[in-house]
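Just the heavy atoms: all of them, side chains too, but no hydrogens, waters or symmetry mates, feed the values below.
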Amino acid sequence: GRGGRTGHRSDLALAPTPTTSAAALGKLWTARYSPHFVLSVVQSYLEGVQTGVWQLTRALEAVQGTREALSQAHHLLKGLSRTSQTLEPLRECVVQHKQLQILTRLLPRLQAVPATVAHTQTLIDSERLLEAYVSLRELEQLKEETLAPLGGLELPIFQGLGLLAEALGQAVEAAAGAAGRLAREDPALLVAAIRVAEVETERTILGQAPRDWRQRCLRALQEGLERVHFASPVLPEPGALAGWLEALQVALPAELATAEALVAPCCPPSYRVVELWAHTLHSGLRRSVQQLLAGPELGAADTFALLHWALHVYTGKEMMGNLELGPEADVSQLEPLLTSENIEQLEAAFVAQVQVSVAQWLKKALDGEVAEWSGEQEPPTDPSGFYHSPMPAIVLQILAENIQVTNLISDSLHRRAHNMAVSELGAFLRSFSDALIRFSRDHLRGDAVAPHYVPYLLSAFNHQSALRSSVSVLLPDGEASGVLAPVEAALDDVQRRICRLVLEVLQVELQPLFSALPSRRWLLSSELLDGVCEQTSHFCQDFWRVRKPGVQLLLAEAERTVVLQYLRALMQGRLVCRGTDERSQAAERLRQDAAQLKELFLGLGLEESAHCAPVLLALRELLNLHDPTLLGLEVAGLRQQFPDVSEDHVSALLDLRGDVSREHRQAALSSLQAGPPPSPSTGRRALFSLVPTPTPSLSSCLPSGPCS
């Protein structure tokens, strides 16, 4: 082989190049393919084949040897299997011998198991928990020692260990559930229960799931605490909620103090006893409150007590906010006792119930007041002599107290109470006004004549003045006075109604006296107006019992009523002056009557700026005018002072003169429309628009008049 490879290299060395000549190529060919060279190559190949055959022979021999060895091993394994099968009974005997040997060694202890179980149960029943737990551990250890030798087989004598362990667990739970009491009376038992729970939780029992007695203990602590304070399914009776809350106000802080001082030292720090107590009490209390809200609707007193206690007392310094309890007792981050929806519903219900009560109280106060109106006695007076009644003070006190008490709850309830009070005061004033109407109707019809009709109307007038002066107590802090606009409008309506009822009486008394005015008797004497003044003075003598500014309003309306009656009489056409003398007399009578009325009401105390009697002086000028052609100017001046004067009024006054021709009348009436509009600054209260005029006769109708 080596020569062949050398010859191959020689072939490469003798390979011709492009520059080799023909002669050289011939020599090269002869040297390469000589017989000696060919023989050498063949010999090399034969040697290689011989070597390969020898190697294959050796490999075949090795394979055959291995096959024979495997066959022998197979026969040996078959023999061992048969031998093992024959030894199986012996092996079983060995195992049984070992089990019997172990059981024989444990037999004294196994025989004592039933007695030990009974003794352990006795220890549990007598609350000797640590000893019971040690005994249970020994029994379970003995059970584990027998399980392995018996291949996991449990002996019948150990079947009661599960029930025994459960009994001990229940005893631990019972002790934990009475932690508050045991911490005061028998702390050793509580400590023993907690130690058993902690040790058992950390222990691993062969073939059993872990007993997490720590969690059982914690649950028992919570359940026992809830059972003490919130286990009763009976909720407080109506009206008893405040007492129930007061009892909790004392009991819960005391419970937390006990937890911190007595229970916590008996438990591991990981129990966080104070926090557990606080959260458990909060949860139980919240559940009880929600159950209370889900039941029958609470009364107003119970609703108020619950709102105040839950929003202020419970979280305040008297209870859970007490700094002595420490941060662990903080429940501010927990779900509140009352949700926002609860608060909204309770506030709405409270205001609705209070509104019903307020309406009843106000009705009772009004009924008591109305009952006195028909009495034989005059209205009571205060030390200053003014008519007085406790009703306004009662009304405002009822409303103000119900508003004030809501300050203890929340701003929203305070606003609700304000709105309710304003609404109820408005309703009360409407009822008061209706009562006045019935009182007046019954009196005037004669169904129930009141001996002191007008004095009680004046007393009612004082009521409204008292309410008006004090109604600001219903105004919420920071609110504009416009909130009370409905009440003030209702007070104005009642005041106007009382004025009208009082002055209707005056009008009825004066009507017979004015029936003879104007007349020639009136022209010649002041007797008629003397009677009017005397009657008016007598009627108004009780006005001084009305407080200011009400008395000014009444006097002004009384003076206006007298003037209106006077104007009505003038417009009736009862008198037509027959000459210049009678017109002068009528003008003078108007002047004297105006002065007499002025003197009368100044004497009664009416401020001069409120007088209406000067209208008579304006009419005097119309009668005193000698030149009828100037009537237009005088009528225009009258309209400037009294914009509500009409053509009918002017026509009636011209009829009273008795000397106005058709042309002069037409010119005078035309001046009403042609004259400049009245100045707003000189405007007065309506007078002529309240004075009816007789239907003009056909002879006095003008083309521009209402009859044309």
Side-chain angles (χ1 to χ4, degrees), residues 514-524 528-529 563-594 612-679 682-708:
F514 278 108
S515 62
L517 187 152
S519 63
R520 285 179 171 77
R521 177 187 170 193
W522 166 70
L523 289 176
L524 299 175
L528 290 177
L529 196 66
V563 172
L564 286 174
Q565 289 289 89
Y566 196 108
L567 293 177
R568 286 191 184 99
L570 286 179
M571 300 298 167
Q572 295 306 309
R574 299 191 187 105
L575 175 67
V576 177
C577 295
R578 292 178 295 193
T580 303
D581 291 341
E582 285 191 353
R583 283 193 295 275
S584 298
Q585 288 177 349
E588 181 61 21
R589 176 54 51 206
L590 286 174
R591 184 192 68 78
Q592 292 179 6
D593 290 351
C612 294
V615 67
L616 302 182
L617 299 179
L619 300 183
R620 170 184 176 275
E621 297 299 327
L622 190 64
L623 293 177
N624 201 34
L625 187 66
H626 295 288
D627 187 356
T629 61
L630 300 178
L631 284 173
L633 294 175
E634 200 64 43
V635 169
L638 180 65
R639 182 172 180 268
Q640 283 292 318
Q641 297 181 61
F642 304 98
D644 61 337
V645 68
S646 68
E647 291 182 358
D648 291 340
H649 296 121
V650 173
S651 183
L653 292 172
L654 296 180
D655 288 341
L656 178 61
R657 281 181 59 92
D659 67 339
V660 181
S661 66
R662 179 181 294 271
E663 292 77 11
H664 291 157
R665 180 187 298 272
Q666 182 177 1
L669 295 177
S670 298
S671 66
L672 284 176
Q673 303 298 329
S679 173
T682 60
R684 296 175 180 268
R685 292 189 61 190
L687 283 175
F688 287 97
S689 60
L690 301 177
V691 177
T693 57
T695 303
S697 63
L698 292 177
S699 61
S700 64
C701 285
L702 298 175
S704 60
C707 299
S708 59

* Should L625 and L631 be marked as a side-chain contact (heavy atoms from CB on, under 4.5 Å) after you check the CA-CA gap, both sets of side-chain angles, and the distance that decides it? -> CA-CA 7 Å; L625 187 66; L631 284 173; 3.6 Å; yes
* **ring-ring contact (aromatic ring centres under 6.0 Å, His included) contacts touching residues 644-664 (sequence neighbours left out)** => H649-F688
* **Check: L687 and L564 side chains under 4.5 Å, non-hydrogen atoms** => yes
* **Exercise: identify the closest heavy-atom pair between G658 and V576** => CA-CG1, 3.6 Å
* Structure fact -> Sorted by chain and residue number, the salt bridge (Lys or Arg N to Asp or Glu O under 4.0 Å) partners of R574 (sequence neighbours excluded) come out as none
* To do: Look up atom CG in L633 and atom CD in E621, then write down how far apart they are to the nearest 0.5 Å.
  => 13.0 Å
* Nearest-0.5 Å distance that lies between atom OG in S515 and atom CD in Q572 -> 11.0 Å
* Structure fact -> When rounded to the nearest 0.5 Å, the distance separating CG of L590 from CZ of R620 is 8.5 Å
* Pair D648-S646, side chain to side chain donor-acceptor pair (under 3.5 Å): steps then yes or no -> CA-CA 5 Å; D648 291 340; S646 68; 4.8 Å; no
* To the nearest 0.5 Å, what is the distance between CG (D593) and CG (L529)? -> 4.0 Å
* **salt bridge (Lys or Arg N to Asp or Glu O under 4.0 Å) partners for E663, two or more places apart** => none
* **From CG (L622) to CG (L638), nearest 0.5 Å** => 6.5 Å
* To do: State, with a plain yes or no, whether a side-chain heavy atom of L567 is found less than 4.5 Å away from one of L616.
  => yes
* To do: Only counting residues at least two apart or in another chain, list the ones meeting salt bridge (Lys or Arg N to Asp or Glu O under 4.0 Å) with R568.
  => none
* What closest approach, in Å, do A516 and W522 show between heavy atoms, and which atom pair accounts for it? -> O-CB, 4.4 Å
* To do: Can you see which heavy atom on S671 is nearest to which on A636, and at what distance?
  => OG-N, 4.1 Å
* To do: Spell out, as yes or no, whether a donor-acceptor pair under 3.5 Å connects the side chain of S651 to the backbone of E647.
  => no
* Do you know the tightest heavy-atom contact between A613 and A594? -> O-CB, 3.9 Å
* To do: For D659, enumerate each residue passing the side-chain contact (heavy atoms from CB on, under 4.5 Å) test, keeping only those at least two apart in sequence or located in another chain.
  => R583, P628, R657
* **Ionic contact status for R665 with D655, cut-off 4.0 Å** => yes
* To do: Could you tell me which residues satisfy salt bridge (Lys or Arg N to Asp or Glu O under 4.0 Å) with E634, sequence neighbours excluded, listed by chain and number?
  => none
* Asked: Would you find a donor on one side and an acceptor on the other, under 3.5 Å apart, between the side chain of D644 and the backbone of A686?
  -> no
* Mind listing the closest non-hydrogen atom pair of A668 and L654 along with its distance? => CB-CD1, 4.1 Å
* Report yes if some heavy atom in the side chain of L575 is under 4.5 Å from a heavy atom in the side chain of L570; otherwise report no. => no
* To do: First locate atom CG of L623, then atom OG of S584, and finally report the distance between them rounded to the nearest 0.5 Å.
  => 9.5 Å
* Asked: If we only count heavy atoms from C-beta on, is the R578 to R520 side-chain gap below 4.5 Å?
  -> yes
